[in-house]
> 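Please read through the structure below; I'll follow up with questions.
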Amino acid sequence: MKYYSLNKQSPVVDFAAATILGQAPDKGLYFPENIPQVSKELIINIESYSNEAIALEVIAPYIGDAIPKDVLEKIVSETVNFEIPLVKITDDIFSLELFHGPTLAFKDIGARFMSRCLGYFATHSASLRDSKEKVVVLVATSGDTGGAVANGFYDVEGVEVVILYPSGKVSSVQEKQLTTLGKNIHALEVDGTFDECQQMVKAVFADVELNQKIKLTSANSINVARWLPQQFYYFYLWKQWKEKDNPPVVTVPSGNFGNICAGLLAQQSGLPIKYFIAACNANDTVPDFLRTGNYLSKKAVPTISNAMDVGDPSNFIRIMEIFHQQIDGLKKTLNGYTISDDETKATLVSVFKEHNYLLDPHGAVAYTALQQYQAQNPDTKGVILETAHPVKFYDVIEPLINQTVPVPETVANQIKKEKVSTKISANTNELKEFLLRQ
Ligand SMILES: *Cc1c(COP(=O)(O)O)cnc(C)c1O
C-alpha cells in the first residue's frame with residue numbers, strides 16, 4: 001500500500017515512511033491510495049473469527065510488506081488483548097465499551113498499535129537503524145492522549161517519548177497516567193495552557209536545525225498508524241451484533257474525527273453499518289458544515305466532554321477524501337448533532353437512574369444524539385461508542401449522581417505511585433534545550 005499526501009505536493013510513501021513521518025513534508029495528511037475490501041466470508045462468518053484474526057485481515061493490506069507477517073501478528077495480538085464488549089442499555093441502544101484498555105480510553109488501541117509499529121521500524125527500517133539515532137515521539141496532551149501514548153510506548157526499544165502537559169489543567173488520574181512510568185517516558189509539566197503546549201510542539205517540528213540533530217515524530221491521530229487500527233472495533237461490534245439483517249446506526253462522540261473516520265473507512269471496506277452519527281458538544285464545526293455546506297473552523301470552547309473540545313478537526317479532510325470531496329455522498333451516510341452540556345448532564349443522570357448504566361460525559365453526548373435521531377427514525381437500532389471509563393471524569397459525574405465512581409484496580413495502583421515530571425515554562429527554547437540534553 002502506498003500513501004499520498006492530501007496536499008498533493010509530496011511523493012507517495014509506504015506504511016513505514018508514513019508512520020515515521022507522521023505528517024507529509026507538505027504538511028498534508030497521508031491517505032491510502034485505495035480502500036481494500038474485506039472478504040465476504042469475514043462479514044458472513046465473523047462470529048467464528050478471533051479478534052486477532054479479524055484485526056489481521058483488516059490491517060494487512062494497509063501494511064503491505066512494511067512489516068513481516070509474524071511481527072504484524074504479534075503487534076495485532078498485543079493491541080487487542082483486552083475486552084471490547086457490546087453492552088445492552090435498552091432494547092434499541094447498545095454501548096460498545098472501548099475503555100477496558102490500560103488507560104481506560106479508546107486511544108489505547110491506536111497508541112498500542114502505533115508504538116509497536118514504530119518500535120519495529122526503529123530497529124529494522126534501514127533509514128532509522130543505520131543512523132543509530134533514537135526516535136523521539138513528541139506529543140502535547142490535554143488529557144487522554146498523554147496517558148495512552150505513555151503506556152503504549154513504555155519500554156519500546158529505540159524510542160524516547162516526551163509528553164507536554166499544562167500544569168494543573170489535567171485531571172489527577174490523567175496526570176498520574178503520564179508521570180509515573182519512568183524509563184523512556186518523560187513528562188514535561190508546562191507552566192501554561194494546552195494551546196501553548198501545542199504551539200511549542202509545532203514550533204519544534206518546524207525547527208530545521210533541531211530536526212537535523214534529532215529524529216522527531218508525532219503520535220497524534222493524524223498518524224496513519226494510530227488512525228487505521230481504530231477500524232478493528234467496528235468489526236468487533238458487527239461480530240457481537242445479533243440482528244444481522246438490520247445493521248446498526250453507529251454514534252461516535254467526535255472531536256478530531258479520527259475515530260469516526262476509521263468507522264467510515266471500515267464501512268467502505270464492506271462492513272455493514274446503516275448510518276453514522278457524529279455526536280458533538282458545543283464545538284460543532286462539522287454538524288454546522290453538514291447543515292450549511294460551509295466549513296468554518298471555530299475557536300474551541302471548553303465543555304464537560306473536554307476530549308472533544310476541538311474547533312478545527314484535523315481528520316475531517318480524510319472523511320471528505322473517502323467521499324471523493326462530495327458532500328452529497330457523505331450526507332447519505334453521516335449526520336451531525338450538537339449537544340449542550342445541560343443535555344449531556346440530564347442524559348447521564350437519566351440513563352443511570354432508569355437503566356443503571358453509568359455513561360461518561362463523551363458517551364452521554366453520543367447517547368443524547370442517538371435518542372434525537374431515533375425520535376425521527378423509529379425502528380432503528382443504534383450503538384454508541386463509549387470512548388472512556390466514567391472514572392476518568394469523576395469530578396464531573398459524582399456531584400450529578402451523588403455517588404462515588406468505583407476506581408478500577410489498575411488505576412488505583414497508579415494513583416498511589418509517585419509523580420515525576422520536569423517543570424518548564426511555556427517557552428520553545430526551554431523545550432529545545434531539554435530535547436538536546438536527551
Ligand atoms: C479523544 C477522545 C474523543 C474524540 O475522538 P476523535 O477521534 O478525536 O474524534 C472522544 N472521547 C474521548 C474520551 C476521547 O479521549
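Each ligand, and each atom within it, is numbered from 1 in the order the structure gives.
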> Can you list the residues that meet the side chain to side chain contact (heavy atoms under 4.5 Å, CB included) rule with Lys381, with sequence neighbours excluded?
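If we apply the side chain to side chain contact (heavy atoms under 4.5 Å, CB included) test to Lys381, skipping adjacent residues, the hits are Asp92, Trp241, Glu243, Asn246.
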> Report the relative orientation of the aromatic rings in His186 and Phe434; use parallel for angles under 30°, tilted for 30 to 60°, perpendicular for over 60°.
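Perpendicular, since the angle between the ring planes exceeds 60°.
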> Assert yes or no for the condition that the ring centre distance of Tyr49 to Phe235 is strictly below 6.0 Å.
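Here the rings of Phe235 and Tyr49 have centres that are no less than 6.0 Å from each other.
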> Check ligand 1 for N or O atoms under 3.5 Å from a protein N or O and list each pair with its distance.
from: ligand 1; atom 1: 7 (O); to: Gly258; atom 2: N; distance (Å): 3.2
from: ligand 1; atom 1: 7 (O); to: Asn259; atom 2: N; distance (Å): 2.9
from: ligand 1; atom 1: 8 (O); to: Asn256; atom 2: N; distance (Å): 2.8
from: ligand 1; atom 1: 9 (O); to: Gly255; atom 2: N; distance (Å): 2.8
from: ligand 1; atom 1: 9 (O); to: Asn256; atom 2: N; distance (Å): 3.2
from: ligand 1; atom 1: 9 (O); to: Phe257; atom 2: N; distance (Å): 2.9
from: ligand 1; atom 1: 11 (N); to: Thr387; atom 2: OG1; distance (Å): 2.9
from: ligand 1; atom 1: 15 (O); to: Lys107; atom 2: NZ; distance (Å): 2.5
from: ligand 1; atom 1: 15 (O); to: Asp144; atom 2: OD2; distance (Å): 2.8

> Once side chain to side chain contact (heavy atoms under 4.5 Å, CB included) is applied, do any residues pair with Val161, and if so which ones, sequence neighbours excluded?
Val137, Val149, Phe153, Val159, Ile163, Ile185
> Starting at CG of Leu6, measure out to CG of Leu29 and round the result to the nearest 0.5 Å.
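Leu6 atom CG to Leu29 atom CG measures 6.0 Å (nearest 0.5 Å).
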> Show me the pairs that pass ring pair (Phe, Tyr, Trp, His ring centres under 6.0 Å) and involve residues 304-340, at least two apart or across chains.
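Matches after skipping sequence neighbours: Phe289-Phe316, Tyr295-Phe316.
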